[in-house]
Structure formats: structure tokens, C-alpha cells
Protein chains: 2
Amino acid sequence: MDGRHARGVHTRRITLARAVDIATVDGLEGLTLGRLAADLQLSKSGIFAHFGSKEDLQLATISFAEEVFTEHVLRPAFQAPRGKPRLLALFDRWMDFSRARVFVGGCFFSAVTAEFDARDGKVHDVVVRWSRVWNELLARLVAECVEEGHMAEVADVDQLVFELNALGRAANHDSLLTREDSHYDRALTAVRSRLGAPG
Amino acid sequence: MDGRHARGVHTRRITLARAVDIATVDGLEGLTLGRLAADLQLSKSGIFAHFGSKEDLQLATISFAEEVFTEHVLRPAFQAPRGKPRLLALFDRWMDFSRARVFVGGCFFSAVTAEFDARDGKVHDVVVRWSRVWNELLARLVAECVEEGHMAEVADVDQLVFELNALGRAANHDSLLTREDSHYDRALTAVRSRLGAPG
DNA sequence: ACACTATCTGACCGATCGTTCGTATAACTT
DNA sequence: AAGTTATACGAACGATCGGTCAGATAGTGT
């Protein structure tokens, strides 16, 4: 249960990798031990033993998605220079991440926040916490744009962050819904325009 | 099965009314015959007989939500004068509809499009169709703003529609997630700013 | 009042859900 | 090699899923 042996660590990883894919399509509630077991050719009880409960499996899946998102989006974006280049890089990476279908159902957090926004419980709370961190990150990057002189003073940072976030999530959902990826360009265009024309 | 008797019509209505509420919180997949029956104090098979299959129940729920949305949002918005007043009225009504929790889980279509965007099947197809109609409506209202001289020529109407739609859905999801309704004002502010300052 | 039909129920189906448990099989420690 | 854990399995649990069906109940038209 503690994952000390290499075998267990590996099983846990491939389980969570499959779990995020399932969750982006069918939701964290549509994520099922039986399906997970069938897909991975493992026993239901074997998988269950790794997590202890369905809720803990859902929470572990969120953590795993966080890691992947950090690796694919946050980390590379932070290699761009502070200020506007970094904010734009974050957005580019986010949209690329969704467009490339790193998870088959697109952006994990867009999917899961929509799924759990109206529910109660631990999963909802964790999603709210992540959402707050994400918004604060965007706010910080906006503030850095101003500090670096790349943007004029922003009257209401939270307002701007709300809009940026709205555009990114909409691009994800619309591209999944229509199976066209023109919406990513729409979002990128809107973001650049909203931040002031030049790169 | 044909709903000729008044009794059947009533049962069908209260069933669908409960169904939309459940669906906005737990999704159309989380919508369950057993739960519906328990909530309404009816038998599972009795409810089932009205729809014939779970999928048909889901589709009927979508139709019902459409009616309510039309009644609460579209129809009153169309009483505003053609052009910008009408477009703004539509947005105001939409946000009010979500904010007032006419459905306990907010905007039905924001929830369901997010739930089914990555899936296949009839429900997905119906949602895509509705989404297209909704976007075309927004595009038409934008065009009318230009025609009425309330707005300057719009270079890319679809781009603007994408942004408006993004803002509205984000307000719905964020307000549900955080249980604060400041996001509605954010969306309304952004929309007015994007359409050009004066009302 | 009667027949007819729409509506609803209750018992039941096989499948699947999350979960428990005893046991076998690996993998490390010594 | 033996002993000790970590890991995985298989069978079973009560609950619930969507769905079926025969029969009771209610409403309508004549």
C-alpha cells in the first residue's frame, strides 16, 4: 500500500495515466474500477488496493493530472522571459496541451471543474483550491507584465484573469464539441488583443 | 405512452422538471431512473415507461431545458429593441437565469456541453446542434447591431461570438464553483466593453 | 354503467457499481 | 535459503444500474 516496491509504483502510474484519459472523456464520476481493471488487464481489487476508495482514486487522479500539466504547460512556460512573453507562453502551452490531446478528452481541469462545480465534497473542494491557485498564477503573471513595462497599468487584474481563463476553457470545450481546432486560434487571438496588440 | 391523458402529461412534466435539476448538478449521466423515482415518489418502471430508454430520457430532458431556457431567456430578450439593446438583453437574461438558479446547477447547456463534448452518440450530436443554433443566434444579433448602426462593422463575427459565449459560460461555471456571483458582473462588464462602451 | 385504454406498480432480470477478505505471488532483506 | 513485506488476485458482498413484464388502477368516451 505504501508503494515501496518498484512494481507497485509502476502499476500506480499506469493506472493513473489511464484514469486521467478516462476522466477527461467520461468524467471523474464515470471513471470506474471495473473499466480501469479491464483496460489495464488487472484485477479490480488489485487496483482498488492502491487507492483505498473511489474518492481517493479521484483525488489521486487529480494530483497526477496536476503533475502532467505542470510538466507540459507550467514548466516550459516559465522558461520564457518574465513579463508578457511568459504570460503568452503559458497561454500558448495551455492551448497546445489541449489541442495535442495529451489527454484524450483535452484539458483535464476544464473538464473536472465543469463536472464538479455544482457538487459538494472533497473533490469539489480540491478543484476549487486548484482553480484558485491557477487564477493567482495568472494574476501574478499579469502583474509581472506591468512591472516589466510590457503592459499599461491594469485597473482590475481579477477581471482580466477571469476573461483570459474564460477564453482558454471555451477553446478547449468548443474544440472538443465540434471536433475542429479553429477555436484555439480564436482564443489566442482574443488573448493577444485583450493584452494589447504587440507580442 | 402517447400522453393523451392529462395525468400522463403532468407526470412527464414534473419528471422532466426534476430531471433538469439533477442533470445540472450530477450531469445527464448521473441522472438516474432510481433517483428520479425516489425523488418523485413514483415507481422506476412508471417513469421508465414514459421515455422508453435512458437515452430518450436524456434527450427529453434536453428538450425540456430548451423550452425553459426559451421562456426565461430568449423570449424576454426579444422584447428589447432590435440591435444592441436586444443583444445586451439576451446576455443579461442569460446571466440572470444562471444566477437565479432556475435550475439548481445553473445553466443547463453550459453543464451538458461540458459533459458531452468529448463523448460520442446521440446526446453529443444534439448538444452540438443546439450549440450551433445558439451561436448562430448570437451572430445574427451581432449583425443586427451593425445594421442598426449601434456598432461599427465587425471584422469577424464568429470571433466575437466565440468570446461572448466564452464569457457567459465561464461566469456560470465560476459562480457555481466558488459559490460567489461576482463572476456574472465580470462577464457583463467584459461583454459591454467588448461591444463598445455605451449601452 | 360499461368497455377501453392510458398510466402506474411491483417483482424480477443480468450487469455493474464500490468494497471486503482470504490467499497466492511476487520482490526485497538478511 | 529463509523470512518478511508489498503487491496482486479471485470470489463474494449488498446496492444500484437500465430494462422487462404481467397485472392492478385510474381516466376517458360511449
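Note on naming: letters A, B, ... go to the chains in the order of the sequence lines (proteins, then strands), and numbering restarts at 1 for each one.
- Rounded to whole Å, the distance from CD1 on B/I47 to P on C/dA6 is 20 Å.
- Among residues two or more places apart in sequence or in another chain, the ring-ring contact (aromatic ring centres under 6.0 Å, His included) test is passed with A/H124 by none.
- Here the shortest heavy-atom pairing between A/P76 and A/T70 reads CD-O, 4.1 Å.
- Rounded to whole Å, the distance from CZ on B/R12 to P on C/dC8 is 12 Å.
- Rounded to a whole Å, the CD1 atom of B/I14 is 12 Å from the C1' atom of C/dC8.
- Evaluation of the ring-ring contact (aromatic ring centres under 6.0 Å, His included) test over residues 132-176 of chain B, restricted to residues two or more places apart or in two chains, returns B/F69-B/W134, B/W94-B/W134, B/W130-B/W134.
- Phosphate proximity of D/dA6 to A/H50: absent, as no side-chain N or O sits under 4.0 Å from OP1 or OP2.
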At under 4.0 Å between heavy atoms, which parts of nucleotides 22-30 of chain C does protein reach? Answer with one letter per nucleotide, 5' to 3': B base, S sugar-phosphate only, - none. ----SB---

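- Going from atom CZ of A/F51 over to atom P of D/dT7 covers 12 Å, rounded to whole Å.
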Anything under 3.5 Å between a donor and an acceptor, one on a side chain of residues 13-24 of chain A, the other on a protein residue two or more places apart or in another chain? List them.
{"residue": "A/T15", "atom": "OG1", "partner": "A/T11", "partner atom": "O", "Å": "2.6"}
{"residue": "A/R18", "atom": "NE", "partner": "A/D39", "partner atom": "OD2", "Å": "2.9"}
{"residue": "A/R18", "atom": "NH2", "partner": "A/D39", "partner atom": "OD2", "Å": "3.1"}
{"residue": "A/D21", "atom": "OD1", "partner": "A/V104", "partner atom": "N", "Å": "3.0"}
{"residue": "A/T24", "atom": "OG1", "partner": "A/V20", "partner atom": "O", "Å": "3.3"}
{"residue": "A/T24", "atom": "OG1", "partner": "A/D21", "partner atom": "O", "Å": "2.8"}
{"residue": "A/T24", "atom": "OG1", "partner": "A/G105", "partner atom": "N", "Å": "3.0"}

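- Going from atom NE2 of B/H10 over to atom P of D/dA26 covers 17 Å, rounded to whole Å.
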Give every pair of a protein N or O atom and an N or O atom of nucleotides 11-18 of chain C that lie under 3.5 Å apart, one pair per line with the distance.
{"residue": "C/dC17", "atom": "OP1", "partner": "A/T32", "partner atom": "OG1", "Å": "3.4"}
{"residue": "C/dG18", "atom": "OP1", "partner": "A/K54", "partner atom": "NZ", "Å": "3.0"}
{"residue": "C/dG18", "atom": "OP2", "partner": "A/L33", "partner atom": "N", "Å": "3.1"}
{"residue": "C/dG18", "atom": "N7", "partner": "A/K44", "partner atom": "NZ", "Å": "3.2"}
{"residue": "C/dG18", "atom": "O6", "partner": "A/K44", "partner atom": "NZ", "Å": "3.3"}

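- When the side chain to side chain donor-acceptor pair (under 3.5 Å) test is applied to B/E163, the partners found at least two apart in sequence or on another chain are B/Q159, B/R194.
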For residues 136-144 of chain A, dump all side-chain donor-acceptor pairs below 3.5 Å to protein atoms at least two apart in sequence or in another chain.
none

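- For B/D158, the side chain to side chain contact (heavy atoms under 4.5 Å, CB included) criterion is met by A/R186, B/D156, not counting sequence neighbours.
- Contacts of A/L42 with the nucleic acid, taken as non-hydrogen atoms under 4.0 Å apart, involve only primed sugar atoms and P, OP1 or OP2.
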Listed pairs under 3.5 Å, donor-acceptor, residues 109-117 of chain A side chains, sequence neighbours left out:
{"residue": "A/T113", "atom": "OG1", "partner": "A/F109", "partner atom": "O", "Å": "2.8"}
{"residue": "A/T113", "atom": "OG1", "partner": "A/S110", "partner atom": "O", "Å": "3.2"}
{"residue": "A/E115", "atom": "OE1", "partner": "A/L28", "partner atom": "N", "Å": "2.8"}
{"residue": "A/E115", "atom": "OE2", "partner": "A/L28", "partner atom": "N", "Å": "3.2"}
{"residue": "A/E115", "atom": "OE2", "partner": "A/E29", "partner atom": "N", "Å": "3.0"}

